[in-house]
Amino acid sequence: MGSKQALRARIRKSQPRWTQQEYAAESERIVEKLKQHPRLAAARTLLLYYPLPDEVDTRTLIDELAAAGKQVLLPKVIDGNQMEMRRYTGSGDLHTGAFGIMEPAGTPFAHYAQIDLAVVPGMAFDAAGHRLGRGKGYYDRFLSQLPHTYKIGICFPYRLLDNIPADQHDIPMDEVVS
């Protein structure tokens with residue numbers, strides 16, 4: 001199917017030209033599926049992500065889970081190689097970080113064994129749970145520290161591919177919701 005770089009280029013070209021309403025509706029449909037997941041209901045500490053414009057919009061979900069008393073963690077890029085998790089305490093705690101992604105300003109969360117569920121974005125996924133990221137390796141490096149955590153990839157349906165090449169360091173998802 002080609003190199004990861006070629007797959008990323010193909011996915012960018014196939015990006016639908018959705019209106020804001022279409023993007024919101026498709027994101028909401030996927031988030032509603034995720035909200036029905038028993039792992040999400042059972043999780044007390046979750047890793048989520050603040051979306052880029054081409055990712056499933058999780059902002060409402062983040063606020064709902066935090067309001068329900070769940071401990072929501074969001075990634076913060078700390079250097080050219082690593083990211084760490086920080087507690088989400090509300091949208092007022094966010095600032096623009098690396099790559100234009102909104103990141104929490106709070107203190108680092110280091111109790112990785114407490115993370116019950118990780119909801120992970122990707123440029124694409126396949127049925128085996130292989131994830132195509134943006135090519136920097138941040139998530140794979142971080143997720144390698146969470147062998148006990150259930151990992152759900154989340155993406156739009158057009159980003160489900162038959163096969164994604166996987167390297168030894170790539171961390172597969174336990175399941176994909178789209």
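Worth saying up front: this structure is predicted, and the values here are computed from it rather than measured.
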Can you list everything that forms a ring pair (Phe, Tyr, Trp, His ring centres under 6.0 Å) with [X]? Sequence neighbours excluded, please.
{"X": "Tyr49", "value": "none"}
{"X": "Tyr150", "value": "none"}
{"X": "His111", "value": "Phe109"}
{"X": "Phe142", "value": "Tyr112"}

Check the pair Val119 / Val177 against side chain to side chain contact (heavy atoms under 4.5 Å, CB included), numbers first and verdict last. CA-CA 9 Å; Val119 177; Val177 172; over 6 Å; no
Grab the two heavy atoms, one from [X] and one from [Y], that are nearest each other, plus how far apart they are.
{"X": "Val176", "Y": "Gly129", "value": "CG2-CA, 4.3 Å"}
{"X": "Pro75", "Y": "Pro104", "value": "O-CD, 3.9 Å"}
{"X": "Arg29", "Y": "Pro157", "value": "NH2-CG, 3.3 Å"}
{"X": "His169", "Y": "Asp140", "value": "O-CB, 3.8 Å"}
{"X": "Ala66", "Y": "Val72", "value": "N-CG2, 3.8 Å"}
{"X": "Ser178", "Y": "Lys33", "value": "O-NZ, 2.8 Å"}

In sequence, state the C-alpha distance, the side-chain angles, and the governing distance for Glu26 and Glu22, and then conclude on side chain to side chain contact (heavy atoms under 4.5 Å, CB included). CA-CA 6 Å; Glu26 188 64 12; Glu22 290 167 328; over 6 Å; no
Can you tell me how far apart [atom1] ([X]) and [atom2] ([Y]) are? Round to the nearest 0.5 Å.
{"X": "Ile101", "Y": "Leu94", "atom1": "CD1", "atom2": "CG", "value": "12.0 Å"}
{"X": "Leu61", "Y": "Ser27", "atom1": "CG", "atom2": "OG", "value": "11.0 Å"}
{"X": "Leu161", "Y": "Ile11", "atom1": "CG", "atom2": "CD1", "value": "5.0 Å"}
{"X": "Thr149", "Y": "Ile171", "atom1": "OG1", "atom2": "CD1", "value": "11.5 Å"}
{"X": "Met85", "Y": "Lys76", "atom1": "CE", "atom2": "NZ", "value": "11.5 Å"}
{"X": "Asn81", "Y": "Met83", "atom1": "CG", "atom2": "CE", "value": "11.5 Å"}

What residues form a side-chain contact (heavy atoms from CB on, under 4.5 Å) with Thr107, not counting sequence neighbours?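 By the side-chain contact (heavy atoms from CB on, under 4.5 Å) rule, Thr107 matches Arg87.
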Geometric cation-pi criterion Arg86 and Tyr88, 6.0 Å radius, 45° cone: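 The answer is no; the distance or angle limit is not met.
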Does [X] use its side chain to pair, donor to acceptor, with the backbone of [Y] at less than 3.5 Å?
{"X": "Lys70", "Y": "Ala41", "value": "yes"}
{"X": "Asp116", "Y": "Thr45", "value": "yes"}
{"X": "Asp170", "Y": "Asp167", "value": "yes"}

Would you mind telling me which of His37, Arg39, Lys151 makes a side chain to side chain donor-acceptor pair (under 3.5 Å) with Glu175?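 It is His37, the one option of His37, Arg39, Lys151 that forms the side chain to side chain donor-acceptor pair (under 3.5 Å) with Glu175.
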Side chains of [X] and [Y] in contact at under 4.5 Å (non-hydrogen atoms):
{"X": "Pro121", "Y": "Tyr139", "value": "yes"}
{"X": "Ile30", "Y": "Phe156", "value": "yes"}
{"X": "Gln114", "Y": "Gln71", "value": "yes"}

Honestly curious: do Ile78 and Met102 fall in one hydrophobic cluster under the side-chain, below-4.5 Å linking rule?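 Shared cluster, no.
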List the steps, then state whether side chain to side chain contact (heavy atoms under 4.5 Å, CB included) holds for Leu7 with Arg10. CA-CA 5 Å; Leu7 279 176; Arg10 191 177 95 203; 3.7 Å; yes
Crowded around Arg141 CZ? As in, over 12 foreign heavy atoms under 6.0 Å?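 For Arg141, atom CZ is crowded (more than 12 foreign heavy atoms under 6.0 Å).
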Decide salt bridge (charged side-chain N to carboxylate O under 4.0 Å, His left out) for Glu32 and Lys35; before the verdict, give the C-alpha distance in whole Å, the side-chain angles of both, and the deciding distance to 0.1 Å. CA-CA 5 Å; Glu32 285 302 317; Lys35 285 165 66 173; 3.0 Å; yes
Which label fits Tyr138 and Phe99: parallel for a plane angle under 30°, tilted from 30 to 60°, or perpendicular past 60°?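 Aromatic pair Tyr138/Phe99 classed perpendicular.
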Once side-chain hydrogen bond (donor to acceptor under 3.5 Å, both in side chains) is applied, what residue pairs with a partner in residues 120-135 remain, sequence neighbours excluded?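 Every side-chain hydrogen bond (donor to acceptor under 3.5 Å, both in side chains) pair that includes a residue of residues 120-135, provided the two are not neighbours, is Asp54-Arg134, Glu55-Arg134, Asp126-His130.
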Test side chain to side chain contact (heavy atoms under 4.5 Å, CB included) on Val120 and Leu143; report intermediate values, then the result. CA-CA 10 Å; Val120 182; Leu143 292 173; 4.1 Å; yes
